[in-house]
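So you know, we letter chains A, B, ... as the sequences are listed, proteins then strands, and number each from 1.
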There are 2 protein chains.
Amino acid sequence: MKDGPDIARIGALIGDPARANILSALLSGKALTASELAAEAGITGQTASSHLKKLMEGGLLAQAKQGRHRYFTLADADVGATLEALMGLAARKGHLRTRTGPKDPAMRAARVCYDHLAGHMAVRMFDSLQSRGFLEVTTEPGGLGLTASGEAFVTGFGIDLSDLRSKRRPLCRACLDWSERRDHLAGALGAALLVQFQKHDWVKRETGSRVVHISPKGERDLKALFPIHS
Amino acid sequence: MKDGPDIARIGALIGDPARANILSALLSGKALTASELAAEAGITGQTASSHLKKLMEGGLLAQAKQGRHRYFTLADADVGATLEALMGLAARKGHLRTRTGPKDPAMRAARVCYDHLAGHMAVRMFDSLQSRGFLEVTTEPGGLGLTASGEAFVTGFGIDLSDLRSKRRPLCRACLDWSERRDHLAGALGAALLVQFQKHDWVKRETGSRVVHISPKGERDLKALFPIHS
DNA sequence: ACAACGCTTCGATCTGTGTCGAAGCATTCG
DNA sequence: CGAATGCTTCGACACAGATCGAAGCGTTGT
């Protein structure tokens, strides 16, 4: 019965509502201070401090001290992907529990998943990339790679591939989208694409939330850049 | 702060050690009775009953009444995949906590992940399939599909594809292997392959555990069937 | 240097829930 | 039909841990 890794420890960490709120807030990818997270979770500073300590010990969070603030982020992209997977389960099994909030439609349209785009538009992007033969199954970490034509495409979009490859992080990774029940693109490339979209003013992040707003121009240009096989 | 699905509910379910043991035991894919699960988790029958009720309400388990027994399984393959992902996090972040048990090496070599093969040999198989161009990225559910040559290959191995496709379940899916940190093949095809291996007496499941033993003949034939690009 | 701010530690409280014994229902078997 | 088995419900207990007030420590700013 003591087979495999200790899954209960991590489950218990995620299982507390306050900590779950903290992790959800951090899924926005932004570094947040301890007090911001306390407000986000609806608890006092002291309580948050205790929770953050536990999350650190559990290896789910990374911190950066800066002056009298302490900024927290998710430890790495794997944590984000696992949380997104859990959200998929929760959304599906959650029956009536999760009454959809006001921001729900916007979240499903486009949101940030740690550091890359998720939601309807992200899935469209992934589909377009694969149907045009830009992605392939490989043995490199992440299990996904760019084809030659794919490399040309993203380079033409202003992305420096050699820079991305120099990092330890996998270039491409599939991440299960909880609202669409389909994969979208994560990894270093997924993050770089989101940065490019913001540079073009195609998308704009809502402050203090994971929601991403797509401008009319962005909507048009993104659909042109990532056409769907009719 | 109330963004997205209620992740805490599922986290709390997995977070209790007894329940985590139950879920881990069920990851073997076998249907187990309430008393078997109680023994597995090291608790009495009444306590197990309470846990099983909660897991049912949470949608993580499915049950089948049969005579005076109640057989439980994981609700679906998604639950299994999510648990495996959590194990990945736990193994990586668990620092020194998880002192590896006696069965650990065997588990890493080959084990059952809900209904398909996982571990070293499973990853080798996945690598071999992809490097020979049998798998491709697609838009169908699961994000992975068989190429024409891939279809010929598995059909030649005695697998009835039309039968598999008739089910609602995705044919191919990547599942993150916690011991190898790489993808292996899940989905209907992954399950069908494991069945074939057992029919050939290449692999034999250890009773009451997830461990899968590979016979000498199986080792030889599997390596021949799934060669690695040298 | 003093005050304000951000965060942590300590201590006390209190709710939630995991646990088991005993009793209660089914189902199966002799 | 009565006994045994598998499981659930009820009730009581105990412990873990979530919470907050108050105090302490370090940094920043005036």
Side-chain angles (χ1 to χ4, degrees), chain A residues 1-2 6-26 30-74 97 208, chain B residues 1-2 6-26 30-74 97 208:
Chain A
M1 71 176 160
K2 198 81 189 331
D6 188 4
I7 193 180
R9 188 148 190 93
I10 295 201
L13 280 177
I14 304 175
D16 179 77
R19 284 195 291 263
N21 283 335
I22 289 176
L23 291 170
S24 295
L26 254 19
K30 295 177 64 171
L32 297 175
T33 68
S35 2
E36 287 171 327
L37 289 170
E40 199 72 25
I43 52 180
T44 64
Q46 312 80 296
T47 310
S49 180
S50 151
H51 285 309
L52 291 170
K53 187 179 178 182
K54 284 173 185 171
L55 288 171
M56 284 297 303
E57 287 168 357
L60 297 189
L61 259 44
Q63 60 173 327
K65 234 178 182 166
Q66 203 168 108
R68 51 181 167 186
H69 296 276
R70 267 180 73 193
Y71 285 92
F72 290 89
T73 57
L74 296 185
R97 274 217 71 266
Chain B
M1 69 175 162
K2 198 84 190 324
D6 187 5
I7 192 180
R9 189 151 190 90
I10 295 201
L13 280 177
I14 304 175
D16 178 77
R19 284 193 293 261
N21 282 336
I22 290 176
L23 291 170
S24 296
L26 254 19
K30 296 177 64 171
L32 297 174
T33 69
S35 1
E36 287 171 327
L37 290 170
E40 199 74 26
I43 52 181
T44 64
Q46 349 19 337
T47 310
S49 179
S50 148
H51 285 310
L52 291 170
K53 186 178 179 183
K54 284 175 186 171
L55 287 171
M56 284 296 305
E57 287 168 357
L60 297 189
L61 259 44
Q63 61 173 330
K65 235 179 182 163
Q66 202 167 111
R68 51 183 168 186
H69 296 275
R70 267 179 73 192
Y71 285 92
F72 291 89
T73 57
L74 297 185
R97 277 215 73 268

Sugar-phosphate only, base, or nothing, as touched by B/A18 at under 4.0 Å among non-hydrogen atoms: sugar-phosphate
B/K54 vs C/dT17: side-chain N/O to OP1/OP2 distance below 4.0 Å: no
Integer-rounded Å distance: C/dC5 P and A/E36 CD: 16 Å
Between P of D/dG21 and CD1 of A/I43, the distance in whole Å: 13 Å
Rounded distance (Å) that lies between atom C1' of D/dG17 and atom CG of A/D16: 9 Å
Length of the NE2-P vector between A/H51 and D/dA16, whole Å: 18 Å
Smallest separation among heavy atoms of B/F72 and B/L26, with atom names: O-CD1, 3.7 Å
Spacing between B/L52 atom CG and C/dT19 atom P, to the nearest angstrom: 12 Å
Under-4.0 Å side-chain N/O to phosphate OP1/OP2 contact, B/T47 with C/dG18: no
Interatomic distance, A/Q66 CD vs D/dT28 P [rounded to whole Å]: 10 Å
Residue-phosphate contact under 4.0 Å: A/H69 side-chain N/O, C/dC5 OP1/OP2: no
Nearest-nucleotide 5' precedence on DNA chain D, A/A12 against B/A48: B/A48
Reported CD-to-CG distance for the pair A/Q63 and A/L52, which is rounded to 0.5 angstrom: 9.0 Å
Spacing of CD1 belonging to A/I14 relative to CG belonging to A/L55, to within rounding of 0.5 Å: 9.0 Å
Any donor-acceptor pair under 3.5 Å from B/S24 side chain to B/A20 backbone: yes
Polar side-chain atom of B/R19 near backbone of A/A8 as donor-acceptor pair, under 3.5 Å: no
Nearest-angstrom distance from the residue atom CD of A/Q46 to P of C/dT13: 17 Å
C/dG18 phosphate, OP1 or OP2, under 4.0 Å from B/R19 side-chain N/O: yes
Rounded distance in Å - NZ (B/K53) to C1' (D/dG6): 17 Å
